[in-house]
Amino acid sequence: MPELPEVETIRRDLQRKIVGKKIARIQVCKPKIIKGSKTALNKTLTGNFFTKINRRGKLLILELKKGEKFLLIHLKMTGQLIYQAQGKVTAGGHGWPQIDKLPNKYSHIIFTFVDRSQLFFNDLRQFGYMKLVDENELQEVLKKFGIEPLTKGFTWTNFQQVMAGKKTSLKAVLLNQKLIAGIGNIYADEICFRAGVRPSRAVNKLSSAELRKIFNSCNIILKQAIKYRGTTFNDYVDADGNKGNFISRLKVYQRAGKKCQRCRRSVIEKIKIAGRGTHYCPRCQE
DNA sequence: CTTCTTGTTACTGA
DNA sequence: ATCAGTAACAAGAA
């Protein structure tokens with residue numbers, strides 16, 4: 001699932017690959033992916049180019065020339081953005097092709113640039129979307145996001161303020177995009193493990209020391225995951241179609257029933273919190 | 001066949 | 001106001 005580290009990896013890839021490249025045409029194979037007017041989107045994008053690729057939480061914000069319009073892209077669970085130069089198979093690594101020949105049956109939107117290179121929006125479950133917005137609409141959307149990890153605003157003081165008085169579980173708070181932006185199910189579990197705190201704990205019952213560990217773990221886990229270009233469990237790939245490498249560093253997520261690598265004694269348990277599968281070590285997490 | 005998975009929003013009931 | 005729980009969206013894996 002693309003969470004902050006995966007979306008950030010794609011953002012950096014696209015920033016390098018498509019900024020300044022003139023769009024020749026857009027094929028909309030699955031209209032429902034586009035929220036709002038399809039003709040307006042087509043008209044605005046064709047012949048235009050992106051000047052900058054930004055991100056807020058798990059949302060990509062592609063800025064168009066003169067900054068008057070923005071293309072929002074959310075990948076939800078199974079969305080992919082894969083860029084290919086004309087006639088080139090860029091995917092692979094170890095000589096094995098990791099993606100199908102594109103477009104495939106999940107390629108719902110296709111951008112073709114004037115140099116004949118292409119950007120494919122693939123989405124198996126079709127939950128992801130694209131939306132064209134103006135500056136005002138963008139600000140409305142951005143208002144709903146909580147503090148952004150790995151930025152200047154993600155301070156210990158702000159973090160404490162966000163957590164203050166929350167009676168709900170730590171897991172629910174970490175997943176709540178209105179409080180902290182960008183953390184999803186994988187990294188929420190990994191952050192709790194690193195902090196040594198059970199995700200089921202009520203936030204208002206956590207000590208200041210525990211909160212501090214959670215704050216530090218947010219920074220370390222997310223930074224590390226970006227360094228490893230994200231986690232591929234099912235569908236996530238970067239803009240070249242390559243898998244992320246963080247999966248080998250996962251300590252609890254998808255390790256239910258396996259021995260904890262830290263204490264080497266307990267077995268990772270899986271329960272449901274806030275409606276989500278939640279993994280933790282009963283010995284390492286209090 | 002059923003159940004589970006996940007990001008987000010919407011809705012209901014406490 | 002605040003929170004928990006669930007349905008919905010879709011498709012595939014087990």
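Proteins come first, then strands; the chains are lettered A, B, ... in the order of their sequence lines, and each starts at number 1.
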request  = Indicate, with a heavy-atom threshold strictly under 4.0 Å, whether A/Lys30 touches base, sugar-phosphate, or nothing.
outcome  = nothing
message = Treating A/Arg55 as the side-chain partner and A/Gly57 as the backbone partner, does any N or O pair qualify as donor plus acceptor under 3.5 Å?
response = yes
query = How are the rings of A/Phe159 and A/Phe215 set to each other: parallel, tilted or perpendicular (split at 30° and 60°)?
reply = tilted
task = Please report the closest heavy-atom contact between A/Glu3 and A/Ile186, naming both atoms and the distance.
result = OE2-N, 2.8 Å
request  = To the nearest Å, give me how far apart CG (A/Asp123) and C1' (C/dG12) are.
outcome  = 13 Å
request  = Look at the side chain of A/Thr44 and the backbone N and O of A/Leu41, then say whether any donor-acceptor pair between them is shorter than 3.5 Å.
outcome  = no
request  = Nearest whole angstrom, please: distance from the C1' of C/dA14 to the CD of A/Gln254.
outcome  = 12 Å
query = Which part of the nucleic acid does A/Gly277 contact within heavy-atom distance under 4.0 Å: base, sugar-phosphate only, or nothing?
reply = sugar-phosphate
query = Whole-Å distance between C/dA10 C1' and A/Gln80 CD?
reply = 15 Å
task = Considering just the side-chain nitrogens and oxygens of A/Thr168, establish if one lies under 4.0 Å of OP1 or OP2 belonging to C/dT2.
result = no
message = Please report the distance, rounded to the nearest Å, between CZ in A/Arg125 and P in C/dA8.
response = 17 Å
request  = Could you tell me whether A/Lys35 sits above the aromatic face of A/Tyr129, with NZ or CZ closer than 6.0 angstrom to the six-membered ring centre and within 45 degrees of the axis?
outcome  = yes
task = Check every strand shown and say whether A/Lys178 touches a base, only sugar-phosphate, or nothing at a heavy-atom separation below 4.0 Å.
result = nothing
ask   = How would you label the contact of A/Lys32 with the nucleic acid (heavy atoms, under 4.0 Å): base, sugar-phosphate, or nothing?
value = sugar-phosphate
ask   = Hey, is the side chain of A/Tyr129 poking within less than 4.0 Å of OP1 or OP2 on C/dA10, counting only N and O atoms?
value = no
Rounded distance (Å) that lies between atom C1' of C/dA4 and atom NZ of A/Lys171 = 16 Å
remark   = note: A/Arg276, atom CZ; C/dC3, atom C1'; distance rounded to Å ~ 16 Å
inquiry  = Does C/dC9 have its OP1 or OP2 closer than 4.0 Å to a side-chain nitrogen or oxygen of A/Gln126?
reply    = no
ask   = DNA chain C: A/Gly165 or A/Gly275, which has the more 5' nearest nucleotide?
value = A/Gly165
ask   = Is the side chain of A/Thr232 donor-acceptor paired with the backbone N or O of A/Tyr236 at a distance under 3.5 Å, no angle test?
value = yes
key: Geometric class of the A/Phe111/A/Phe113 ring pair [parallel <30°, tilted 30-60°, perpendicular >60°]   = parallel
task = Whole angstrom is fine here: how far is it from CE in A/Met77 over to C1' in C/dC9?
result = 8 Å
request  = Select base, sugar-phosphate, or nothing to describe what A/Tyr253 touches, counting heavy atoms under 4.0 Å on all strands.
outcome  = sugar-phosphate
query = For DNA chain B, which nucleotides open and close the run of contacts to chain A, 5' to 3', at under 4.0 angstrom from a non-hydrogen atom?
reply = B/dT5 to B/dT8
